[in-house]
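Mind having a look at this structure? Questions to follow.
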Amino acid sequence: MKSLDGKIKKEKENGFASPHVKSEPEDNFYPSPKHEKPLKRKRDDDNDAEFKPKKIKTENDKKAKKRKLDEPKKTKNKKGEVADGKKKAKKEPEEKWKWWEEERYTDGSKWRFLEHKGPVFAPPYEPLPSNVKFYYDGKHMKLSPEAEEVATFFAKMLDHEYTTKDIFRKNFFKDWKKEMTSEEKSKITDLKKCDFNEMSEYFKAQSEARKAMTKEEKLKIKEQNERTLQEYGFCIMDNHRERIANFRIEPPGLFRGRGDHPKMGMLKRRIRPQDIIVNCSKDSKHPEPPPGSRWKEVRHDNKVTWLVSWTENIQGSIKYIMLNPSSRIKGEKDWQKYETARRLKKCVDRIRNQYREDWKSKEMRIRQRAVALYFIDKLALRAGNEKEEGETADTVGCCSLRVEHIKLHPENEGQEYVVEFDFLGKDSIRYYNKVPVEKRVFKNLQLFMENKEPDDDLFDRLNTSVLNKHLQELMDGLTAKVFRTYNASFTLQQQLKELTNADENIPAKILSYNRANRAVAILCNHQRAPPKTFEKSMQNLQAKIDAKRDQLSDAKRELKSSKADAKVRRDEKSKKAVESKKKAVQRIEEQLMKLEVQATDREENKQIALGTSKLNYLDPRISVAWCKKWGIPVEKIYNKTQREKFAWAIDMADDDYEF
DNA sequence: CTTTCTACTTAGTACTTTCACC
DNA sequence: GGTGAAAGTACTAAGTAGAAAG
């Protein structure tokens, strides 16, 4: 039974960042070029933009435009753009297709026309030069190309800790042997006797050489990449040229799952044309397989969004090539997600009352369902599908929690009915939290845990499918994950309201935004490994602070002496000197404060990742509205990629948007 | 009903580029 | 103009959820 030291855990009081003021690293803000949007069309005048896919719904009375052919946009690279003249920041957006002003398909189909060039395969294996040798038991051994390739995968990871892990080594060795000739197999029987060092050194040298390339060489590569992107990185879907997210096939290598993965080290095999299923429209120009090869299959299924798929050999799951988040097909779905969350907002009170009632149910399954839902709602836990044991790392979500993952404290640090959670969630990220719960919940948990072993399911009468079926009855389209979206977005909106101070300048407001964002990230338990350079960069910052302090005391001393001087001399000049010294002191004090605040900010962000919530949980219209309301350029909040993904929100949200 | 399959979203990290500073 | 940190991007694993199969 796991008992964790109470001190290691991070503080996590359901979520809110401590309220210091801090400044963001950067503070050269351009004076808001006022994000002008000529009166956007209103999406709906009745009530909030309802987004119901699969239902016939004409976007308010407005006649939606037909999806018709407008010329595919040329996508120039940024360099080209700069070349063609003064910065015309405004020019691009105007010619962008506004898919959100068009009607959606209501028949479950995802497209009418789809044409693409197929995937880009991993480059073929290049055998090592003959001077780079592999040694077995101290003796040079020339490997067959197949065995050599797999050996290089291991050699490339030599510096990594996981090549020392037993499971990794065992899995690797087993799969490596499969690639060996029978001779090799009979010779190489012990991984410990394998010396990959020359190979490893060779790759390091290669990567150094790559870094040391001349400007011209680098540019050439860049141009080649750009050509590949233009050729394979886009497709035509319903008359629009859309960016593909991942048009390159995953190269072979050694699988590294996250956390304690039983399959780590296994060989991820090379994908060939005959493994590939292509999806496109019948009347499109079909992608050509590489000369001398053929596709596994070409199909024309417009009920799905993917262009290419293949089955991966580690878990046997299917991988897909799909479109970029900026595409219509992803954007519509994203928008819809937030509309579902907004519908939940309207009925969440009812649902909460209902599950509270259900805590008293005489049926065990209903009580379990109600307690689980309470956790999902209050703590933003994931649903917790069951997983095949031994196939993946041992992680859980709400429905799959086991008895060993919680501890009950009738009384803890002055609070009653505290539940202590400690488990590994998605990506083997630890979730640790101590939360006071209502007495009824507490009593129910005691009941659920009675006569169970630590590794028994806490909710033995519940799974995600049962839970979701129930949720579906409470609200159309409601599933467990909607609660995460809802609570995240709601928290952002509420925190922005609370933290934004009208009198503050733009950097301070952005700081507040980041704080609100951080509150959500904490709620959703979005963590990251502290950056490798963290300690160092923290030290650098501290050094800067110290230097600033010294500078400050110097300045103060000077001020003092100039004051004394002025007292004696009593002339204009020395008075002026005093004034300027005063100013200097003030300026330095300000700078010092900023640095200190920056340090706090960075410290607070050490293990918290803001990106995931920003990209996946926060209704972008809340952020856009906030920017508009306070005259903050959207660019301060969203970088270019993010602005492309959220173009719909940027276009449609007014400053008074309410989630 | 349970299990398996499929399609899609969400996730952290490694790598690459940009930017601020000397 | 060189360097190191920060920002941005690419990558792909790991989830959710619903449908199909057994």
Side-chain angles (χ1 to χ4, degrees), chain A residues 24-28 78 110 157 160 207 210-211 215 218 221-222 225 229 233 245-251 253 255-259 261 263-264 268 277 279 301 303-306 309 311-312 314-325 329-330 333-334 336-337 382-388 391-393 395-400 424-429 463-469 471-472 477-482 484-485 488 521 524-534 536-538 540-541 544 602 605 607-617 638-642:
Chain A
E24 292 307 291
E26 34 129 314
D27 51 3
N28 54 321
K78 329 152 202 195
K110 306 294 170 68
M157 300 177 131
H160 220 292
S207 94
R210 224 169 305 127
K211 269 186 233 155
K215 277 235 169 69
K218 282 184 180 163
I221 291 175
K222 208 173 167 181
N225 282 151
L229 173 67
N246 56 323
F247 56 91
R248 284 174 210 277
I249 297 280
E250 297 172 18
F255 175 80
R256 174 45 168 148
R258 306 206 238 250
H261 198 117
K263 300 198 169 183
M264 64 170 81
K268 200 168 104 163
I277 301 174
N279 192 32
D301 181 357
K303 299 284 192 269
V304 298
T305 66
W306 52 269
S309 75
T311 301
E312 154 269 352
I314 304 288
Q315 321 271 1
S317 65
I318 308 171
K319 299 260 187 166
Y320 303 92
I321 290 183
M322 292 183 189
L323 298 194
N324 200 68
I329 214 160
K330 292 292 183 188
K333 201 77 186 298
D334 204 37
Q336 169 193 157
K337 172 181 77 186
R382 296 188 184 84
N385 284 324
E386 49 260 83
K387 338 171 34 184
E388 216 178 326
E391 294 291 296
T392 60
T395 62
V396 297
C398 186
C399 294
S400 49
L424 297 180
K426 181 175 179 180
D427 294 313
S428 293
I429 297 291
N463 61 41
T464 53
S465 138
V466 167
L467 177 64
N468 281 334
K469 237 168 241 136
L471 293 175
Q472 195 59 243
L478 187 61
T479 62
K481 85 199 251 305
V482 178
R484 251 167 102 80
T485 311
C524 294
N525 200 224
H526 291 141
Q527 299 190 30
R528 59 170 185 172
K532 279 198 188 62
T533 54
F534 187 84
K536 208 170 102 214
S537 87
M538 219 53 204
N540 288 162
L541 194 55
K544 267 192 190 170
R602 201 181 292 176
N605 242 9
Q607 314 200 71
I608 299 173
L610 301 185
T612 302
S613 47
K614 202 181 212 179
L615 241 41
N616 300 302
Y617 289 100
Y638 291 136
N639 69 29
K640 182 160 157 282
T641 316
Q642 293 166 161

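Every chain is numbered from 1, with letters handed out A, B, ... down the list of sequences. Treat the numbers as computed from the prediction; the structure is a model and nothing was measured.
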Just the rounded figure in Å: distance from C1' of B:dA11 to NE2 of A:His261. 15 Å
Short side-chain donor-acceptor distance under 3.5 Å, A:Ser317 and A:Glu312: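 Side-chain D/A pair, A:Glu312 to A:Ser317: present.
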Divergence of helical axes at both termini of the helix from B:dC1-C:dG22 to B:dC22-C:dG1 - five pairs an end, 10° steps: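 Roughly 10°, once rounded to the nearest ten degrees.
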Quick check: does any side chain N or O of A:Asp301 sit under 3.5 Å from a backbone N or O of A:Trp306, one acting as donor and the other as acceptor?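 No, the answer is negative, given that no donor and acceptor are paired below the 3.5 Å cut-off.
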If I take atom CG in residue A:Asn225 and atom C1' in nucleotide B:dT17, what distance separates them, rounded to the nearest angstrom?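 Taking atom C1' of B:dT17 as the reference, CG of A:Asn225 is at 13 Å.
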For every nucleotide of nucleotides 15-22 of chain C, 5' to 3': is a protein heavy atom under 4.0 Å from its base (B), only from its sugar-phosphate (S), or from neither (-)? SBBS----
Between P on B:dT9 and CH2 on A:Trp306, what's the gap in Å once rounded to a whole number? 15 Å
What's the spacing between A:Asn525 CG and A:Arg382 CZ if we round to 0.5 Å?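 Reported to 0.5 Å precision, the distance equals 7.5 Å.
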Nearest-nucleotide 5' precedence on DNA chain B, A:Thr485 against A:Tyr320: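 Upstream on the strand: A:Tyr320.
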Ignoring hydrogens and angles, tell me if any N or O in the side chain of A:Asn463 forms a donor-acceptor pair with the backbone of A:Cys399 under 3.5 Å.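 Absent.
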A:Lys426/A:Thr395 under side-chain contact (heavy atoms from CB on, under 4.5 Å): CA gap, chis, key distance, verdict: CA-CA 6 Å; A:Lys426 181 175 179 180; A:Thr395 62; over 6 Å; no
Winner on side-chain proximity to A:Phe255, out of B:dA11, C:dA13, B:dA7, is C:dA13
Would you kindly give the NZ-to-P distance between A:Lys614 and B:dT9, to the nearest whole Å?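 Atom-to-atom, A:Lys614 to B:dT9, this comes out as 21 Å.
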Between the base of C:dA13 and the side chain of A:Arg258, is there a donor-acceptor distance below 3.5 Å?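 Flag set: donor-acceptor pair detected.
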With a 4.0 Å cut-off on heavy atoms, is A:Arg484 in touch with a base, just the backbone sugar-phosphate, or nothing at all?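 The residue A:Arg484 makes sugar-phosphate contact but no base contact.
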Side chain of A:Thr612 - closest among C:dA13, B:dG12, B:dA7: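 In terms of side-chain proximity for A:Thr612, the closest of C:dA13, B:dG12, B:dA7 is B:dG12.
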A:Lys110 near the nucleic acid: base, sugar-phosphate alone, or nothing, with a heavy-atom cut-off under 4.0 Å?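 Since only primed, P, OP1 and OP2 atoms lie under 4.0 Å of A:Lys110, the category is sugar-phosphate.
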Could you give the CD1-to-P distance, from A:Ile249 to C:dA10, as a whole number of Å?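 Atom-to-atom, A:Ile249 to C:dA10, this comes out as 17 Å.
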Report which part of the nucleic acid A:Pro325 touches: base, sugar-phosphate, or nothing (heavy-atom distance under 4.0 Å, all strands). nothing
Heavy-atom donor-acceptor pair, A:Lys337 side chain to A:Asn616 backbone, under 3.5 Å: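 Flag set: sc A:Lys337 to bb A:Asn616 pair under 3.5 Å.
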With sugar-phosphate meaning primed atoms plus P, OP1 and OP2, does A:Ser309 contact a base, only sugar-phosphate, or nothing at under 4.0 Å between heavy atoms?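 The answer is nothing, as A:Ser309 stays clear of every strand by at least 4.0 Å.
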Contact class for A:Lys268 vs. all strands (heavy atom < 4.0 Å): base, sugar-phosphate, or nothing? sugar-phosphate
Can you work out whether A:Ser317 or A:His160 has the more 5'-proximal nearest nucleotide on DNA chain B?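 Residue closer to the 5' terminus by nearest nucleotide: A:Ser317.
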As a test of reading the structure: which of C:dT9, B:dT10, B:dT9 is closest to the side chain of A:Thr641, going by heavy atoms? C:dT9
Phosphate-side-chain proximity, A:Lys337 and B:dT10, N/O vs OP1/OP2 below 4.0 Å: yes
If only side-chain N and O atoms of A:Tyr617 are considered, is one of them under 4.0 Å from the OP1 or OP2 phosphate oxygen of B:dA11? yes
Nearest-angstrom distance from the residue atom CZ of A:Arg256 to P of C:dA13: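 Interatomic distance, CZ of A:Arg256 to P of C:dA13: 12 Å.
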Would you say A:Lys218 has more than 12 foreign heavy atoms packed within less than 6.0 Å of its NZ?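 Counting neighbours around NZ of A:Lys218, more than 12 heavy atoms of other residues, nucleotides or ligands fall under 6.0 Å, so yes.
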For the pair made of CG in A:Asn605 and C1' in C:dA7, what is the distance, rounded to whole Å? 13 Å
So with a 6.0 Å cut-off around NZ of A:Lys303, is the heavy-atom count from everything else above 12? yes
In whole Å, what is the span from the NZ atom of A:Lys303 to the P atom of B:dC8?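 Distance, rounded to whole Å: 12 Å.
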Flag, side chain of A:Lys263 to backbone of A:Ile314, donor-acceptor distance under 3.5 Å: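 Checked: pair present.
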If you round to the nearest 0.5 Å, how far is CD of A:Gln607 from CD1 of A:Ile429? 9.5 Å
Do we see a donor-acceptor contact under 3.5 Å between the side chains of A:Thr464 and A:Asn385?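 Short answer, yes.
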Using a 4.0 Å heavy-atom cut-off, does A:Ala245 contact any base of the nucleic acid, only the sugar-phosphate backbone, or nothing at all?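 Since no nucleic acid heavy atom lies under 4.0 Å of A:Ala245, the category is nothing.
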Of A:Pro251 and A:Asn639, the one whose nearest nucleotide on DNA chain C sits closer to the 5' end is A:Asn639
Nearest to side-chain heavy atoms of A:Asn246, which nucleotide of B:dG12, C:dT12, C:dA14: C:dT12
